[in-house]
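To start, the structure itself, in structure tokens.
Chain letters run A, B, ... following the sequence lines, proteins first, then strands; residues in each count from 1.
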Amino acid sequence: MTLVPDVRIAIRDLHKSFGANHVLRGVSMDVHSGTNAVVMGGSGSGKSVLIKTIVGLMRPDSGGVWIDSLKVDELAEKELDELRLDIGYLFQSGALFDSMTVAENLSFILERHSGMTRAERRDRVMEVLEWMKLPDKASDLPSELSGGQKKRIALARAIVLNPSILMYDEPTTGLDPLSVRAVSELIVRLRDERQITSMVITHDLLCAEIVADSAHFIHEGVIAESGSLSELRASAHPIIRTFFQEN
Amino acid sequence: MEQKQTTKRWLADSVVLGGIAQFGDLVLFASRFFVRVFRRPFEGKEIVRQMDEIGSKSFVLVAFTGFAIGVVLAMQSRTTLARFGAEDLMPSMLALSVFKEIGPVLTSLVLAGRLGAGIGAEIGSMRVTEQIDALEVAALKPYHYLVLTRVIACIVMFPMMTMMADMIAMSGGYLESVISSDLDYRVFFTNAFESMRLSDLIIDTGKTSVFGFIVAMVSCYKGFNVRGGTREVGQAAMQAVVLSSLLILLADVVVVKLSLMFFPPV
């Protein structure tokens, strides 16, 4: 499929079921280059399944995801690995490797993919940690970090290879409002300073307000409404109205 | 009444079919090992780390098991053989029992308990905390990094740990002999190894590589397929120990039968 020039991620009629549970029922949306696309929706609406399908952690039943005109589920293992090197992923839980220190979490990926020497890897790790304003945490274990610090270290790991696309799965879940703001501002900085294209899965309105260039509301496995965040806020769709009122 | 019977039959069918499906899934999971073991990347450093984990953390347990086997077997066989006036045969009986069967199987069962639970719980908790997905999206090949390394480490370390347990068992047996009958160590060890063949030693110690493969593969499989939370991780660890222990005993029967076919006793 040929994409509109500035569309980096295109999702078309995506379906995914688990047994009788039809989670995605024909999702279609685009993410434009250098923008933050926010996907919102209630629990169990299929947000996490959508983002996992985009990076090939799950295979769609039908429809497809195109990243830079490459159909993700049709890529060979080697091609998918190459594509994944250009995609960073921030997991809801952070998913830091808990037997490694913060520095090792970052260095581990560089060691396997960058061809850097040990000294270069150390410098790169410190550069990213300083960018995250957490250089003093390099030798800490993930269990010694607070929730907000874990998210920022996980984000540091996601950008250590300088990807041009970032996927955020609930980046602010479980954080206090100050940490929500800190993490959200990092997402904006990544877009502004590195022109990173992002998809942010969230149900946190504060985060969405800070980061969203475009917003999409997913309900019962389909995109119920797309537009700017203020357009979504003004939507007549009863579920979207309830969502915004209760948040 | 009829509905109860139908429900019972449905349950029995689903348990049997579920078991068959899971075994098929395990075989598929294990078959990926033979394809991927020849593919890059070669995780040499991680294999050595895993071997060190197995060796250093299981040493005391295996050594104690070996020593207990040797002492108890020596005590038991001495009294039994004395009834037939064949006490002199004790060292060779001890060596044959330890090297051919009891050493390899008991050491492997002990290691299955120690490692099976550890691997199942470690990989299971990595699964539920999305660390395996994190490896996957970073193009780090979790099967290579987590499964291949542990399976290769177990294939190499099980025979080494078994040899160690066997030697400690023989030392325990000798210690018991010294205490009971003041037997000279040259007589003891000459008698012990006189009846052994090199093929016995190689096959019966080498079969623990198969047991190591089983323990690591079953435990990785159980850990990889955990769905849920901490309770399911605990269940996976327990199932890894139970299933790998059962499969060790089953594999032992097959290996012994095959070895008797190809290397019949003289």
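Crowding of B:Phe38 atom CZ: a count of heavy atoms from other residues, nucleotides or ligands under 6.0 Å not exceeding 12. Atom CE of B:Met160 has 12 or fewer heavy atoms from other residues, nucleotides or ligands within 6.0 Å.
Near-neighbour residues of residues 71-81 of chain A relative to chain B, defined by a heavy atom under 4.5 Å from a heavy atom of that chain, comprise A:Glu77, A:Asp81. Heavy-atom proximity under 4.5 angstrom to chain B picks out A:Lys52, A:Val55, A:Leu57 from residues 36-61 of chain A. Contacts between residues 202-223 of chain B and chain A, counted as heavy-atom pairs separated by less than 4.5 Å, involve no residue at all.
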Exercise. Verify side-chain contact (heavy atoms from CB on, under 4.5 Å) between A:Phe108 and B:Leu140, making sure each step is shown before the conclusion.
Key: CA-CA 10 Å; A:Phe108 178 59; B:Leu140 288 170; 3.6 Å; yes

Quiz item: Yes or no on side-chain contact (heavy atoms from CB on, under 4.5 Å) for B:Lys45 and A:Glu111, after CA distance, side-chain angles and deciding distance?
Solution: CA-CA 12 Å; B:Lys45 226 161 79 179; A:Glu111 191 183 338; 3.3 Å; yes

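Side-chain atoms of B:Gln131 and A:Leu96, non-hydrogen and from C-beta on, never get closer than 4.5 Å to each other. Side-chain contact between B:Val137 and A:Ile87: absent, with no pair of heavy atoms (C-beta onward) separated by less than 4.5 Å.
Two rings, from B:Tyr145 and A:Phe97, have their centers 6.0 Å or more apart.
A donor-acceptor pair is defined here as one N or O able to donate and one able to accept, closer than 3.5 Å; such a pair exists between the side chain of A:Arg84 and the backbone of B:Glu136.
Neither the backbone nor the side chain of B:Ile132 comes within less than 4.5 Å of any heavy atom of chain A.
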Could you list the donor-acceptor pairs under 3.5 angstrom formed between side-chain atoms of residues 153-163 of chain A and any protein atom two or more places apart in sequence or on another chain?
from, atom 1, to, atom 2, distance (Å)
A:Arg157, NH1, A:Ala95, O, 3.0
A:Arg157, NH1, A:Asn105, OD1, 3.2
A:Arg157, NH2, A:Gly94, O, 3.3
A:Arg157, NH2, A:Ala95, O, 2.8
A:Asn162, OD1, A:Arg124, NH2, 3.4
A:Asn162, OD1, A:Arg194, NH1, 3.2

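In this structure, CG in B:Asp133 is found 12.0 Å from CD in A:Gln92, a value given to the nearest 0.5 Å.
Closest approach of A:Ile109 and B:Ala138 over heavy atoms only: CD1-CB, 4.2 Å.
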